[in-house]
S.K.: 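Take this structure, written in structure tokens, and hold onto it; I'll ask about it next.
We use all heavy atoms of the structure for the numbers below, so side chains are in, but hydrogens, waters and symmetry mates are not. All values reported here derive from a predicted model rather than from experimental measurement.
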Amino acid sequence: MEVKILFGGAAFLGGWLWFYMLLRQFIFDILTAYPVINKMKKIDKDLIAIGATRYTTVSLIVTGGIAALIAYLVYHFGKIHIHIGFIVGVIVALIMFITKLSYKNKPMFEAFCNAYYRFVPDDELRTAIYNKKYGQIKSRLKAMGFNDTFVPEFKEAK
């Protein structure tokens, strides 16, 4: 009985890590990367390089494939206490991160900026995105003659 509890706890940790390392990246690609890239392409097709979409697609395929493989292995080889621990770990991680999975969340948009600044051809805009200076991003877009709709408005912490 004690061993089942220990393995269930290990499965809980494994489920939490599975969500945090794989599923969160998968969700980031779908809910943050693709929408922001599409908004940038709507502004101007040359505002972000085509490599950004390829990079996101590769990330989506790799993380989705690894996540599916691990889920299959847990389902196929695990006993019921392993399944329960794993699922509870995933649910706990989902509850922890559910509000942080949109590009309108500042840390997620900053993660986008950290990963995708290199795909922006304009030097000044790329530097502003790299430094996460939202005012500079908006002013550079206006100077280029574009709107700044892909940059969300964030409320400042008090």
S.K.: Is F7 close to K79 at the side-chain level, that is, under 4.5 Å between some pair of heavy atoms?
M.R.: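 K79 does not reach F7 side chain to side chain.
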
S.K.: Shortest non-hydrogen contact from G15 to V90?
M.R.: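 Result for this residue pair: O-CG2, 3.4 Å.
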
S.K.: Does W18 use its side chain to pair, donor to acceptor, with the backbone of A67 at less than 3.5 Å?
M.R.: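 Side chain of W18 to backbone of A67: a pair is present.
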
S.K.: Can M144 be reached from I37 by stepping across I, L, V, M, F, W or Y side chains whose heavy atoms are under 4.5 Å apart?
M.R.: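 Hydrophobic grouping puts I37 with M144.
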
S.K.: Apply the ring-ring contact (aromatic ring centres under 6.0 Å, His included) test between H83 and each candidate in F77, F12, Y75; give the one that qualifies.
M.R.: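 Among the candidates, only Y75 passes.
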
S.K.: Cluster question for you: counting only ILVMFWY and a side-chain heavy-atom cut-off of under 4.5 Å, with indirect links fine, are V58 and I27 together?
M.R.: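 Yes: a chain of side-chain contacts under 4.5 Å links V58 to I27.
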
S.K.: Could you pull out the closest heavy-atom pair between A128 and Q136, with the gap in Å?
M.R.: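 So the minimum-distance heavy-atom pair works out to CB-CB, 3.8 Å.
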
S.K.: Transitively linked via ILVMFWY side-chain contacts under 4.5 Å: I84 with I91?
M.R.: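 I84 and I91: separate clusters.
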
S.K.: How close do T56 and A33 get, counting heavy atoms only, and between which atoms?
M.R.: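 Closest approach of T56 to A33, heavy atoms only: CG2-CB, 3.7 Å.
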
S.K.: Would V92 and I82 show up in the same hydrophobic cluster when neighbours are defined by side-chain heavy atoms closer than 4.5 Å?
M.R.: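 V92 clusters together with I82.
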
S.K.: Report the C-alpha separation of T127 and K133 in whole Å, then their side-chain angles, then the decisive distance to 0.1 Å, and conclude whether the side-chain contact (heavy atoms from CB on, under 4.5 Å) test is met.
M.R.: CA-CA 9 Å; T127 302; K133 304 286 185 185; over 6 Å; no

S.K.: Please round to the nearest 0.5 Å and tell me the distance separating atom OG1 of T99 and atom CE of M108.
M.R.: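 T99 OG1 to M108 CE: 10.5 Å, rounded to 0.5 Å.
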
S.K.: When you look at T53 and K41, which way does the side-chain contact (heavy atoms from CB on, under 4.5 Å) test go after all the steps?
M.R.: CA-CA 10 Å; T53 305; K41 285 183 179 181; 2.7 Å; yes

S.K.: Looking at V120 and M40, what are the two nearest heavy atoms and their distance?
M.R.: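 It is CG2-CE, 4.1 Å.
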
S.K.: Could you walk me through whether V36 and I48 pass side-chain contact (heavy atoms from CB on, under 4.5 Å), step by step?
M.R.: CA-CA 10 Å; V36 174; I48 191 163; over 6 Å; no

S.K.: Tell me whether the rings of F119 and Y116 are parallel (<30°), tilted (30 to 60°) or perpendicular (>60°).
M.R.: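 Tilted.
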
S.K.: Applying side chain to side chain donor-acceptor pair (under 3.5 Å), name anything that partners D29, two or more places apart in sequence or on another chain.
M.R.: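 By the side chain to side chain donor-acceptor pair (under 3.5 Å) rule, D29 matches Q25, S59.
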
S.K.: Over all heavy atoms of both residues, which pair between P121 and A49 is shortest? Give the atoms and the distance, please.
M.R.: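 For P121 and A49, the tightest heavy-atom pair comes out as CD-N, 4.4 Å.
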
S.K.: Should the ring pair F19 and F97 be called parallel, tilted or perpendicular, given that the plane angle runs from 0 to 90° and is split at 30 and 60?
M.R.: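 The arrangement is parallel - the two ring planes meet at less than 30°.
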
S.K.: So, taking the atom named CZ in F109 and the one named NZ in K132, what distance separates them when rounded to the nearest 0.5 Å?
M.R.: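 F109 atom CZ to K132 atom NZ measures 10.5 Å (nearest 0.5 Å).
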
S.K.: Would L47 and L141 count as a side-chain contact (heavy atoms from CB on, under 4.5 Å) if you check the C-alpha gap in whole Å, the side-chain angles of each, and the deciding distance to 0.1 Å?
M.R.: CA-CA 9 Å; L47 194 59; L141 286 169; 3.9 Å; yes

S.K.: Please find the pair of heavy atoms, one from R126 and one from R118, that lie closest to each other, and give the distance.
M.R.: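 Smallest interatomic distance, heavy atoms only, reads CD-CA, 4.2 Å.
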
S.K.: Mind checking side chain to side chain donor-acceptor pair (under 3.5 Å) for Y117 and listing every partner two or more places apart, or none if nothing turns up?
M.R.: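 Residues passing side chain to side chain donor-acceptor pair (under 3.5 Å) with Y117: none at all.
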
S.K.: Could you name each residue pair satisfying ring pair (Phe, Tyr, Trp, His ring centres under 6.0 Å) that touches residues 28-49, not counting sequence neighbours?
M.R.: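 Not a single pair qualifies under ring pair (Phe, Tyr, Trp, His ring centres under 6.0 Å).
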
S.K.: Verify the cluster assignment for I129 and I50: are they in a single hydrophobic cluster under the rule of side-chain heavy atoms below 4.5 Å apart?
M.R.: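 No: no chain of side-chain contacts under 4.5 Å links I129 to I50.
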
